[in-house]
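Counting convention: from 1, in listed order, for ligands and their atoms alike.
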Amino acid sequence: MFAPIISALRLSPIQVMAEKTRQAIQQGHSVIDMTLGEPDFPTPAHIGEAAIQAIHAGQTRYTPINGTSALREAIVAKFRRDNGIDCSPAGISVGCGGKQVIYQAFLATLAAGDEVIMPAPYWASYHDIVAMNGGVFRPIMTTPETGYALRAADLDAAITARTRWLVLNSPSNPSGTAYGRAQLAEFAEVIRRHANQRFFILVDDIYEHILYDGRAFHTLAQVAPDLADRILTVNGVSKAYAMTGWRVGYACGPRPLIEAMTKVQMQINSHTSSVSQAAAVAALNGPQDEVRRRCAVFQRRRDFLLGAFARIDGLQTPKPEGAFYLFPDARAYLGRATPAGQRLADDVALAAYLLDNGVAVVPGSGFGMPGFLRLSYATSDDNLRIAAERMAHALNNLG
Ligand code: PLP
C-alpha cells in the first residue's frame with residue numbers, strides 16, 4: 001500500500017523525544033525540554049514589522065521560484081558581506097528552510113547507490129534525506145577526544161569512486177564543532193587530490209552566527225574559491241534570527257546545480273511564502289547587533305552547563321565552539337541500573353530515564369553516535385539550572 005521508502009525511513013529521533021516530552025508535560029510532569037534545535041528568543045520586532053507591511057502592500061501573490069528579486073539581492077549581498085563569496089542572483093536557491101534546499105540538492109543529483117559522506121555525529125535529517133533519494137549515507141566517525149573534528153586523513157580514506165557528495169556542517173549540529181580556515185584548507189587539499197572523483201560539497205552554514213570565543217567564521221567556498229563550481233553553500237534565517245517558523249533557507253552554488261534544484265522545487269511547492277520572503281529581506285539587510293547579543297547569551301549558557309557537567313563524573317563533554325548544543329559522551333552510564341532496578345541497555349533507555357527524572361534530551365544514536373546525548377541549551381537560564389541539577393541527581397543515582 002505504501003512505497004518501500006516509508007518502511008525504510010526512521011522517525012526523527014528529535015521529534016520522537018519531543019513528542020514523548022509533550023506527553024509527559026500533558027500528564028502533569030515537570031520536564032525541562034532540551035530536545036529542540038530552535039532559539040528560545042522571539043523573532044526581532046523589525047522583521048515581523050516588515051512582514052506586516054508586506055501584507056498591507058499586497059505582497060501576497062506567487063513569487064519567482066527562487067524568491068523575489070529583493071530577497072535574492074539580499075542573499076547575494078549577505079554572501080559577499082559575511083563570507084566573501086561572489087554569486088549572482090541566478091546562482092541562488094531559496095526554499096522552505098535550509099531543509100528543503102538540502103532535500104532538493106540530493107533529489108536533483110543522487111542515483112541509486114551514490115554515496116554521501118559526512119562526519120559523525122551529524123544532523124539526523126541528513127541520514128534520512130539521503131535515503132529518501134536513493135543514496136547511501138556513509139558517516140565518517142570522529143571522537144570526543146578530538147572535539148568531534150573531522151581529520152583530513154579520515155576524509156581522504158572515505159572518498160571513493162561512488163562518492164557523490166561530501167557534507168560539512170560547521171558549527172555542527174549536534175556537536176558544536178567548528179572548522180577554522182586552516183582546517184578547511186586541509187579539507188580542500190584532500191578534495192583536490194581526488195581530482196578523478198567529481199563529487200559535490202554541501203557546506204551547511206546554518207549556525208554561522210552562533211560561534212563562540214571570538215572565533216571568526218570561515219566557509220569552504222571562501223577558503224577554496226577554485227572549488228566553487230562544486231560547492232553548494234547552504235544557509236538560512238531560522239537559527240540566526242530566531243525565524244524557525246517562517247521557513248526560509250537558501251543556498252548559492254554552481255548554476256547547473258541550482259537550475260536542477262529549481263526544476264524540482266517548481267513541482268513541489270513553487271516557493272516559500274511571499275510574506276516570509278519580505279521578513280527574510282529585513283533580517284538579512286537589517287541591523288545585526290541583536291544576532292551578536294544573542295550569541296553572547298548562548299555562549300554564557302554553554303559555559304554554565306559545561307561547568308555543571310564537569311561536576312558529573314560519568315559525562316565527558318567536549319567544549320562546543322558554536323551552535324547551541326552539548327553532545328556529552330554518556331557511555332559510562334550504559335549497563336548501569338536505575339533505582340527501580342532497570343538496566344540501561346543503550347542511550348535510548350538512558351534518555352527515557354532522564355525524561356522520567358524531568359529532563360528531555362535526544363539519544364546520540366540518532367546522530368550516528370550511540371551512547372552519547374544531545375542537549376539543546378536554547379532555553380532559559382532558570383531551566384538550565386534546574387536541568388543540570390536534575391541530571392546530576394539522576395545520573396548519580398544510577399547503581
Ligand atoms: N542544517 C542543520 C545542521 C540544522 O540543524 C537545521 C535545523 O535544525 C537545518 C539545516 C535546517 O533548518 P531550517 O530548515 O529551519 O532552515
Side-chain angles (χ1 to χ4, degrees), residues 12-18 33-41 43 47 66-67 71 75 78 92-106 116 118-130 132 137 139 148 150 165-179 201-211 217 219-220 232-252 261 265 268-269 271-273 276-277 279-280 283-284 298 320-327 362 364 366-369 374-378:
S12 149
I14 304 169
Q15 295 305 334
V16 169
M17 278 313 290
D33 187 356
M34 302 180 83
T35 59
L36 287 179
E38 102 177 314
D40 54 316
F41 302 113
T43 304
I47 297 174
N66 282 320
L71 177 56
I75 294 169
K78 177 260 173 286
I92 300 284
S93 163
V94 176
C96 281
K99 196 181 235 176
Q100 184 179 4
V101 173
I102 294 164
Y103 187 90
Q104 288 169 176
F106 291 144
V116 176
M118 179 173 190
Y122 49 79
W123 181 42
S125 290
Y126 276 108
H127 175 280
D128 295 290
I129 295 175
V130 169
M132 283 175 86
F137 189 77
Y148 307 108
L150 174 66
W165 284 90
L166 159 67
V167 181
L168 294 174
N169 168 218
S170 163
S172 147
N173 171 10
S175 67
T177 308
Y179 298 111
I201 307 110
L202 192 156
V203 179
D204 181 340
D205 289 345
I206 199 110
Y207 293 97
E208 165 178 11
H209 292 295
I210 306 166
L211 187 62
F217 180 79
T219 189
L220 191 69
L232 185 72
T233 306
V234 177
N235 212 317
V237 295
S238 289
K239 316 287 176 177
Y241 305 99
M243 291 177 69
T244 44
W246 297 80
R247 309 311 300 134
V248 182
Y250 55 85
C252 81
M261 290 163 62
Q265 182 165 327
I268 299 182
N269 59 341
H271 57 80
T272 192
S273 146
S276 295
Q277 291 183 43
L284 294 173
F298 284 131
E321 292 149 338
F324 37 66
Y325 310 98
L326 291 189
F327 198 70
V362 188
F367 304 90
M369 291 192 72
R374 189 196 76 166
L375 301 90
S376 160
Y377 48 88

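- The closest approach between a heavy atom of Gly98 and any atom of ligand 1 is below 4.0 Å.
- Each of the atoms 1 (N), 2 (C), 3 (C), 10 (C) of ligand 1 lies under 4.0 Å from some heavy atom of Asp204.
- Taking the centre of each ring, Phe298 and Phe41 come in below the 6.0 Å mark.
- In this structure, the side chain of Arg247 does not engage the main chain of Thr272 through any donor-acceptor pair within 3.5 Å.
- Remark: ligand 1 and Thr244 share no N or O pair separated by less than 3.5 Å (distance only, no angle test).
- Protein heavy atom nearest atom 12 (O) of ligand 1, with residue, atom name and distance: Ile206 CD1, 3.9 Å.
- Not less than 6.0 angstrom separates the ring centroid of Phe367 from the ring centroid of Tyr148.
- Distances below 4.0 Å separate heavy atoms of Asn169 from the following atoms of ligand 1: 3 (C).
- Of the candidates Trp246, Tyr250, Trp123, Trp123 brings a heavy atom nearest to atom 10 (C) of ligand 1.
- The heavy-atom pair separating Gly176 from Pro171 by the smallest distance is O-CB, 4.3 Å.
- Within ligand 1, counting atoms from 1 as listed, the ones closer than 4.0 Å to a heavy atom of Tyr207 are 3 (C), 4 (C), 5 (O), 8 (O).
- Gly95 and Val101 make their closest contact through N-CG2, 3.7 Å (heavy atoms, listed as atom of the first residue, atom of the second, distance).
- Under the 4.0 angstrom criterion for non-hydrogen atoms, Gly236 is not in contact with ligand 1.
- Interface of Lys99 with ligand 1, defined as ligand atoms under 4.0 Å from a residue heavy atom, comprises 11 (C), 14 (O).
- Thr43 places a side-chain N or O within 3.5 Å of a backbone atom of Ala242 that can act as its donor or acceptor partner.
- The N/O atoms of Tyr325, backbone and side chain alike, include none that comes under 3.5 Å of an N/O atom in ligand 1.
- Where the criterion is an N or O separation shorter than 3.5 Å, residue side chain and backbone included, Val248 fails it with respect to ligand 1.
- In this structure a side-chain-to-backbone donor-acceptor pair under 3.5 Å is missing from Glu321 to Thr177.
- The backbone N or O of Val94 sits less than 3.5 Å from a side-chain atom of Asn66, completing a donor-acceptor pair.
- For the pair Ala105 and Trp165, the tightest heavy-atom approach, listed with the atom from each and the gap, is O-CZ2, 3.9 Å.
- At least one N or O atom of Arg247, backbone or side chain, sits closer than 3.5 Å to an N or O atom of ligand 1.
- Contacts between Lys239 and ligand 1 below 4.0 angstrom, taking non-hydrogen atoms only, involve the side chain exclusively.
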